[in-house]
Engineer: 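Handing you a structure now.
Both backbone and side-chain heavy atoms feed into the values below; hydrogens, waters and symmetry mates do not. Proteins come first, then strands; the chains are lettered A, B, ... in the order of their sequence lines, and each starts at number 1.
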There are 2 protein chains.
Amino acid sequence: MKKPKVKIRTVAEAAGVSVTTVSLVLNNVASARVGADTRQRIHEAAERLGYVPNEVARQLRAQRTNTLGLLGDEVTTTPFAGRMVLGAQEAASKHGWLLMLLNTGLDPELERKEISALLQSRVDGVLYTTMYHRVVRVPDQLRTVPTVVLDAEDDSANLPSVVPDEEGGAYLATKELLDHGHRRIGFVNSNLDIPATSGRLAGYQKALRQADVPFDPRLVVSTHPVSREGYAAASELLSRRERPSALFCFNDRVAMGAYQAASALGLRIPADLSVVGFDDQEEISEGLLPGLTTVALPHYAMGAWAVDALIARILDPNAPVERAVLPCPLVRRESVAPPVS
Amino acid sequence: MKKPKVKIRTVAEAAGVSVTTVSLVLNNVASARVGADTRQRIHEAAERLGYVPNEVARQLRAQRTNTLGLLGDEVTTTPFAGRMVLGAQEAASKHGWLLMLLNTGLDPELERKEISALLQSRVDGVLYTTMYHRVVRVPDQLRTVPTVVLDAEDDSANLPSVVPDEEGGAYLATKELLDHGHRRIGFVNSNLDIPATSGRLAGYQKALRQADVPFDPRLVVSTHPVSREGYAAASELLSRRERPSALFCFNDRVAMGAYQAASALGLRIPADLSVVGFDDQEEISEGLLPGLTTVALPHYAMGAWAVDALIARILDPNAPVERAVLPCPLVRRESVAPPVS
DNA sequence: TGAGCTTGATAAAACGGTTTGTCAACGACG
DNA sequence: CGTCGTTGACAAACCGTTTTATCAAGCTCA
């Protein structure tokens, strides 16, 4: 229970040298000239005493904390974003930086003060993130600290940001179905006003166009993108006289509803109906039978990219403002097969 | 782009007083005697200059960071644990503390040094957590810093910890089925050697005993608790001559498999079969049709409890070592109904 | 022999706050 | 009129590092 706090001075005295010398040696300062024997003694003393430098003192002196703040609208902990946080965390760790969690609550007035106070000199930069891809207004208080927008785009467009390539992902999904021979491909889109809605529609259309399949607006239905609504939308689509042979679903939850709709209609997947989802929420995509072919959101990669970009900006404030759009890879499972001819 | 760094000295000069006085006034030190007019001037100056104290300097002086480390085996960001992190984060925030994220990677040797270095004086305490409830050996390096074990129990049993009441949750789940009149209740348990397996079995048995329903071991099957295996296990159970009228599933993923098994066998839920899950993973429990009645793991509450306990211990190292077992509430949806008589 | 390098090491000044101890001025009181 | 307590304010020490500037000693070379 004793805590004789070994500080740098302790080591210095043990090695019979000055504090300066210890610091120089332990930090491997290139310009320092210290005899080999002295170095030896210092290292030994430090080792023996179990010396670890006080990081806070260091931070004060260096005017840098090597810490990033992950600031989000309750996001940070949404199950969805887990991998994004992980990507950020591991990237930070790779650079030797730490990640601090900050949730913006609901009271913006209160939050404003709190955040700027907490941020003050505790973090060198901020990852501003949202629960899902959208356009945000970054709080003014962040103007003073290097910031990167994660899984979102700021309206002013002068901050680095990283978002998923919604269009590219939808293109891949649709193309996967086309490549298997499908021509009547239903699309259960969302009815939310977010980039994913328009982006995925664009990707769907692009793939069709490229395959010379005429776009039929009647095959596209919009709905609130949850399982229950997906069930309803898919049921409607699949009950038509000329039913689609495949369904591209806005997300995995919708796809889950589609599975249930197909089951209710006696349609087997993928024999009678092919389905592709979006998001790759593993509880769903892996849990469904058969496994759901879907498009993965690059959460991990986005988190990592954002951290890299942020640290780059901290180190060099004049670094260019990049706005990344990361690819959404197709994850093949068992829900796609050629249509019955 | 100017940054004339307003520090406490700036305020002092602006108000025409000493640094000491500014500190005293701004921190509302009770024992300080400062004239009302002077206070006024200081507050005005601080406000006008937008002064915010440098937190790092403060930490150095106070020898305290008011920061907690959330340390886990990749946990911290598992979708599952999102609400746990949120609970911890919000509790910390309530106390005015911050949360730092640390993932223990895979290389324990490397990790050891890294962690102890990072921990050194950057955090005042550590939340040691795991992906799911189990017994862990807490790394030695944590012996030096106040630690609370979250969603796990340490083998030495001398650290505060908080875990879900597996038995109580299973009891509630089973009782819910019994209360609806079910007597033949199948239990698809996990085959993993974790507290949840034995605890949930105990709860299941306790509920049966209390309802005077004899325990029939043939109604219990063990399997790897994922959807696919759940499907197989449930199929087997439901294909028996005397099939159970209800299924208690180890977790929601298993329940998801059970839904699919029921569907394949032409059994409607809840008319022909009642199902209760465990975990309340909302993507599943809310996504299934009908909604899955399940037992929620108290992730949020556990996170909050752990933070409260940790801060209490930091403030008073002699605080008693509590080991909490938090209740798992039943979440009713639509998957339970009386059996067909 | 002394001027000038080089080597090895250090004292002291930051970094930006908090806290302790001291002190001058002033009114009250004996 | 001295003494004492109170009030209001501040100087200086401290927290644990890093870094700059300085210095003594030894060596080289003219």
Engineer: In whole Å, what is the span from the CG atom of Asn66(B) to the P atom of dT18(C)?
Structural biologist: 13 Å

Engineer: If you assign Arg39(B) and Ala62(B) each to the DNA chain D nucleotide with the nearest heavy atom, which residue ends up on the more 5' nucleotide?
Structural biologist: Arg39(B)

Engineer: Is any NZ, NE, NH1 or NH2 atom of the basic residue among Asp154(B) and Arg323(B) found under 4.0 Å from an Asp or Glu carboxylate oxygen of the other?
Structural biologist: yes

Engineer: For the pair made of CZ in Arg64(A) and C1' in dT17(D), what is the distance, rounded to whole Å?
Structural biologist: 16 Å

Engineer: Which atom pair, heavy atoms only, marks the closest approach of Thr147(A) to Leu142(A)?
Structural biologist: OG1-O, 3.3 Å

Engineer: Remember a base hit wins even if backbone is also touched, and classify Val19(B) as base, sugar-phosphate or nothing at under 4.0 Å, heavy atoms.
Structural biologist: base

Engineer: May I have the distance from Leu26(B) (atom CG) to dT18(C) (atom P), rounded to whole angstrom?
Structural biologist: 8 Å

Engineer: Measure the distance from CG on Asp37(A) to P on dG8(C) and round it to the nearest whole Å.
Structural biologist: 9 Å

Engineer: Is any side-chain heavy atom of Val56(A) closer than 4.5 Å to one of Arg64(B)?
Structural biologist: no

Engineer: Please tell me which of Gly35(B) and Leu60(B) maps to the more 5' nucleotide of DNA chain D, matching each residue to the nucleotide holding its nearest heavy atom.
Structural biologist: Gly35(B)

Engineer: Would you kindly check whether a donor in the side chain of Arg58(B) faces an acceptor in the base of dG17(C), or vice versa, at under 3.5 angstrom?
Structural biologist: no

Engineer: Output yes when at least one side-chain N/O atom of Gln63(A) is less than 4.0 Å from OP1 or OP2 of dA14(C), else no.
Structural biologist: no

Engineer: Output yes when at least one side-chain N/O atom of Asn27(A) is less than 4.0 Å from OP1 or OP2 of dT18(D), else no.
Structural biologist: yes

Engineer: Of all the choices, dT7(C), dA9(D), dT17(D), which nucleotide is nearest to the side chain of Thr38(B) once you look at every atom?
Structural biologist: dA9(D)

Engineer: Between Tyr51(B) and dG17(C), does any side-chain N or O lie under 4.0 Å from OP1 or OP2?
Structural biologist: yes

Engineer: With a 4.0 Å cut-off, would you call Glu44(B) and Arg41(B) a salt bridge?
Structural biologist: no

Engineer: Base of dT18(D), side chain of Arg61(A) - is there a donor-acceptor contact under 3.5 Å?
Structural biologist: yes

Engineer: Tell me: CZ of Arg33(A) to C1' of dA24(D), nearest whole Å?
Structural biologist: 13 Å

Engineer: Would you kindly give the CZ-to-P distance between Arg9(A) and dA11(C), to the nearest whole Å?
Structural biologist: 10 Å

Engineer: Rounded to whole Å, please give me the gap between NZ in Lys7(A) and P in dT18(D).
Structural biologist: 14 Å

Engineer: Can you tell me the distance, in whole Å, between the CZ atom of Arg41(A) and the C1' atom of dA9(C)?
Structural biologist: 11 Å

Engineer: In terms of side-chain heavy atoms of Leu24(A), which of dT7(C), dT19(D), dG16(C) is nearest?
Structural biologist: dT19(D)

Engineer: Where is the tightest heavy-atom contact between Asp124(B) and Asn66(B), given as atom of each residue plus distance?
Structural biologist: OD2-N, 2.7 Å

Engineer: Any donor-acceptor pair under 3.5 Å joining the side chain of Thr20(A) to the base of dT18(D)?
Structural biologist: no

Engineer: Looking at Thr21(A), does any N or O in its side chain come under 4.0 Å of the phosphate oxygens OP1/OP2 on dT10(C)?
Structural biologist: yes

